[in-house]
Amino acid sequence: MPRPDAPSWIVVGRTDGGVVAALLDADGAETGRHPLTASDLPGWVAEREAADAPRWVWNDTPQWYASLLRAGVRVGRCHDLRLCHAILRSSAYVVRGAMRGAGGWDAAPFVAVADSAPALFDLDGAERPAGPPDDLDEVLAEFARQRGAVASSADPSRLRLLLAAESAGALIAEELRAAGLPWDAAAHDRILVDLLGERPPGGGQPEKLAAAAARVRAALGDPTASLDSQPKLLRSLHRAGVLVESTSRWELAEHQHPAIDPLLEYKKLARLLSANGWAWLDEWVAGGRFRPVFVPGGVVTGRWASSGGGALQLPRQLREAVRADPGWKLVVADVAQLEPRVLAAMSSDTALAAAARGRDLYAGIVESGAVPSRQQAKIALLGAMYGATTGESGRLMPRLRRAYPRAMGLVDDAARTGEDGGVVSTWLGRTSPPPSEAWAAAQSQATEAEASGADETRARRWARDRGRFTRNFVVQGTAAEWALAWMADLRSRLHAMPPVVEDLAASRSGPVFARRPHLAFFLHDEVIVHAPASLADSAAQAVTDAAAAAGRLLFGDFPVDFLLDVHIADSALKG
DNA sequence: CTCGAATGCGCG
DNA sequence: AAAGCGCGCATTCGAG
């Protein structure tokens with residue numbers, strides 16, 4: 001329980017003398033300062049965290065939190081000035097000029113040299129991302145600027161929610177990296193050997209990959225055909241009478257030729273080897289953990305990106321290698337049709353929300369009679385959110401508009417705004433970037449008297465492209481906000497669980513995560529929690545409860561639910 | 001040699 | 001070659 005005079009915020013930054021923490025009351029007024037050194041920072045933070053549970057304010061979460069976690073110190077809440085700056089400087093909710101005067105806050109996030117990929121060692125100091133300002137005065141000034149921008153904004157409570165969620169995401173991203181995803185390198189190796197053959201000692205092609213290549217060359221009657229160079233492969237195929245325009249899988253699959261099957265097999269195996277083969281295993285898995293770099297807010301819509309390791313592209317093929325430590329379990333949970341549910345809520349479309357309640361949303365649409373089959377419901381709804389105009393998806397749109405006019409109206413409006421050069425915002429106030437100068441120039445040029453037909457065609461195409469982007473932005477971005485709220489709530493629930501007493505010395509997740517369930521992976525609408533076996537059921541319940549809480553936090557009493565598929569297992573392989 | 005574009009495929 | 005959004009990464013290849 002915080003003391004009555006406990007600081008609401010503690011701002012950390014650097015001065016000439018070292019690290020200084022400034023204590024702020026609830027109104028943002030400074031009540032004291034505390035000088036620190038790099039070495040006594042973790043202990044002091046742990047003390048203040050336990051006593052006051054403040055919101056920690058810093059320029060850039062990785063710059064501070066990575067070393068705190070290494071020292072065994074977890075914090076509950078923070079305000080990440082870099083991430084919040086990015087939201088506020090472009091949010092349509094913020095009044096013009098409120099963020100004026102900020103310098104250096106558009107910097108890329110700090111990259112720690114010791115933790116970074118080998119390539120970064122080659123960069124000199126000038127090239128390595130150094131992060132935003134960390135000087136205490138600049139940090140305090142930016143924090144004041146941001147508080148002012150929120151207070152004077154069109155919707156302070158939504159923006160506060162967004163900034164808190166974004167900052168929680170920053171903590172979670174560091175914790176995910178610190179804990180890592182439990183990865184069984186031996187299981188991974190078995191999958192590789194099974195599909196590719198033994199790892200060739202000298203490099204080179206594994207046996208089964210080479211065999212597939214040989215079958216392709218035999219079928220093409222071309223013993224030297226190159227399979228890895230697209231232009232050369234295309235010529236070989238043409239010589240053999242396979243008249244494709246590309247070498248992509250789905251076009252090849254439309255042709256009949258003895259070379260096609262082995263070629264598709266070869267491409268599949270070659271992809272596995274180059275993307276997630278032994279080299280990947282050597283580089284990215286150590287000590288039983290895959291530790292990717294998650295990049296919160298890395299996508300314009302607010303989704304996370306990743307950098308290194310391909311964290312967001314792990315093939316389903318390899319899920320079997322994600323294995324809980326001995327004595328632990330994995331809780332794997334994903335949301336069914338997150339984006340359509342979010343769309344129903346943000347548009348207050350009670351009919352769409354009713355179709356989704358307690359069941360597969362596409363089945364609900366079929367039951368309502370809007371379209372005849374689940375497949376059509378899925379194609380139509382995805383088309384509505386992505387802006388499909390042709391094909392089956394385009395043909396089904398009118399039926400969807402009749403059945404769900406509010407939901408369809410929301411995405412149609414967003415598209416129209418984008419086509420007209422406007423900006424759109426998510427539910428909590430993240431705003432799309434304005435059109436590029438080239439885009440605007442193309443539009444105005446097309447309206448001039450001497451505009452050519454080509455000018456007009458290009459302008460229209462660009463306008464439609466941008467419409468599809470803004471159409472999707474509002475839904476994808478709000479879904480990202482829901483996911484942040486889900487994870488933030490889940491993180492608190494997991495930390496509130498009583499730590500297990502049994503000796504789980506085998507845990508390789510580090511001091512902060514050794515005795516409690518903790519998040520281990522996140523992918524847009526899915527989380528993996530690594531939990532001591534005795535707490536796995538509680539962790540699964542927490543995942544479900546957090547989803548309900550996130551729905552209420554964003555959408556209040558609006559009757560939409562977020563249906564989860566939750567599994568408890570030793571591996572992340574899904575049935 | 002480095003760098004960017006193009007291609008293809010993995011994920012949501 | 002996708003129709004229809006958002007990404008990252010490996011590979012090849014031509015330009016400088």
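It should be emphasised that the depicted structure is a prediction, and the values quoted were computed from it without experimental measurement. Letters go in sequence order (proteins before strands), and every chain restarts at 1.
For A:Ser246, the listed nucleotide lying nearest its side chain is B:dG8; candidates were B:dG8, B:dC11, C:dG8. Distances were taken from every side-chain heavy atom of A:Ala305 (C-beta onward) to each of C:dG4, C:dC7, B:dG8; the shortest belongs to C:dC7. Comparing C:dC13, C:dG6, C:dA3 against the side chain of A:Thr390 picks out C:dA3 as the nearest. Nearest nucleotide to the side chain of A:Gln476, out of C:dG8, C:dG4, C:dG6: C:dG6. Comparing C:dT11, B:dG8, B:dC11 by their closest approach to the side chain of A:Pro315 singles out B:dC11. Of the candidates C:dG6, C:dT12, B:dG10, C:dG6 carries the atom nearest the A:Val300 side chain, counting heavy atoms from C-beta on. Closest contact between the side chain of A:Arg303 and the listed nucleotides C:dG6, C:dG8, C:dA1 involves C:dG6. Distances from the side chain of A:Glu245 to the nucleotides C:dA1, B:dG10, C:dC5 place C:dA1 closest.
In this structure, A:Gly308 reaches the sugar-phosphate backbone alone: every heavy-atom distance under 4.0 Å involves primed, P, OP1 or OP2 atoms, never a base. A:Gly383 comes within 4.0 angstrom of nothing in the nucleic acid, heavy atoms only. Using a 4.0 Å heavy-atom distance criterion, A:Arg468 is classed as a sugar-phosphate-only contact. Contacts of A:Val475 with the nucleic acid, taken as non-hydrogen atoms under 4.0 Å apart, are absent. In this structure, A:Arg471 reaches neither bases nor backbone, as no heavy-atom distance under 4.0 Å exists between it and the strands shown. Nucleic acid contact for A:Gly309: sugar-phosphate only, since backbone atoms but no base atoms lie under 4.0 Å from a heavy atom of the residue. Residue contacts shown for A:Glu254 include a base, since a base heavy atom lies under 4.0 Å away. A:Leu314 comes within 4.0 angstrom of the backbone, heavy atoms only, and of no base. Using a 4.0 Å heavy-atom criterion, one finds that A:Trp250 contacts the bases of the nucleic acid, with or without backbone contacts as well.
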**OP:** Please assess A:Phe522 against A:Trp486 for the test ring pair (Phe, Tyr, Trp, His ring centres under 6.0 Å), listing each intermediate value before the final yes or no.
**Re:** CA-CA 11 Å; A:Phe522 168 59; A:Trp486 180 36; 7.5 Å; no
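Distances shorter than 4.0 Å separate none of the side-chain N or O atoms of A:Ser306 from OP1 or OP2 on C:dC7. One finds a side-chain N or O of A:Thr389 lying less than 4.0 angstrom from the OP1 or OP2 phosphate oxygen of C:dG4. For B:dC9, the OP1/OP2 oxygens have no side-chain nitrogen or oxygen of A:Arg316 closer than 4.0 Å. The shortest distance between the side-chain N/O atoms of A:Ser229 and the OP1/OP2 oxygens of C:dT11 is not below 4.0 Å. The side chain of A:Lys267 places an N or O atom within less than 4.0 Å of a non-bridging phosphate oxygen (OP1 or OP2) of B:dC9.
Summarising the geometry, the separation between CG on A:Leu269 and C1' on B:dC9 is reported as 14 Å, rounded to the nearest angstrom. Regarding A:Gln317, its CD atom lies at a distance of 12 Å from the C1' atom of B:dC9, rounded to whole Å. Atom-to-atom, CD of A:Glu339 to P of C:dC7 comes out at 13 Å; the value is rounded to the nearest Å. In this structure, A:Leu227 places its CG atom 19 Å from P of B:dT7, rounding to the nearest Å. A straight line from CD of A:Gln230 to C1' of C:dG14 spans 14 Å, rounded to a whole angstrom. Rounded to whole Å, the distance from CD on A:Glu251 to P on C:dA2 is 9 Å. Across the protein-nucleic acid pair, A:Met397 atom CE and C:dG4 atom P stand 12 Å apart, rounded to whole Å. Summarising the geometry, the separation between CG on A:Leu252 and P on B:dG8 is reported as 9 Å, rounded to the nearest angstrom.
Of the C1' atoms belonging to C:dA1 and B:dT7, the separation is 12 Å, rounded to the nearest Å. Nucleotides C:dA2 and B:dA6 have their P atoms positioned 13 Å apart, rounded to a whole Å.
Judged by distance alone, the side chain of A:Glu339 and the main-chain N or O of A:Ala479 form no donor-acceptor pair under 3.5 Å. Listed for the A:Thr470 side chain is a donor-acceptor partner under 3.5 Å among the backbone atoms of A:Ala414. The main-chain N or O of A:Ala179 is found under 3.5 Å from a side-chain atom of A:Arg289 such that the two form a donor-acceptor pair. Judged by distance alone, with hydrogens and angles left aside, the side-chain atoms of A:Arg158 form no donor-acceptor pair with the main-chain N or O of A:Gly429 at under 3.5 Å. When atom types are taken as modelled, the side chain of A:Arg215 and the backbone of A:Pro262 share no donor-acceptor pair closer than 3.5 angstrom.
If you check C:dA10 for Watson-Crick or wobble pairing at under 3.5 angstrom, you find it paired to B:dT7.
One side chain, A:Glu481 or A:Thr426, offers a donor N or O that lies under 3.5 Å from an acceptor on the other.
Nucleotides of DNA chain C nearest to A:Ile379 and A:Ala311 differ in position, and the one nearer the 5' end is that of A:Ile379.
Under a 4.0 Å N-O distance rule, the pair A:Arg374/A:Asp360 qualifies as a salt bridge.
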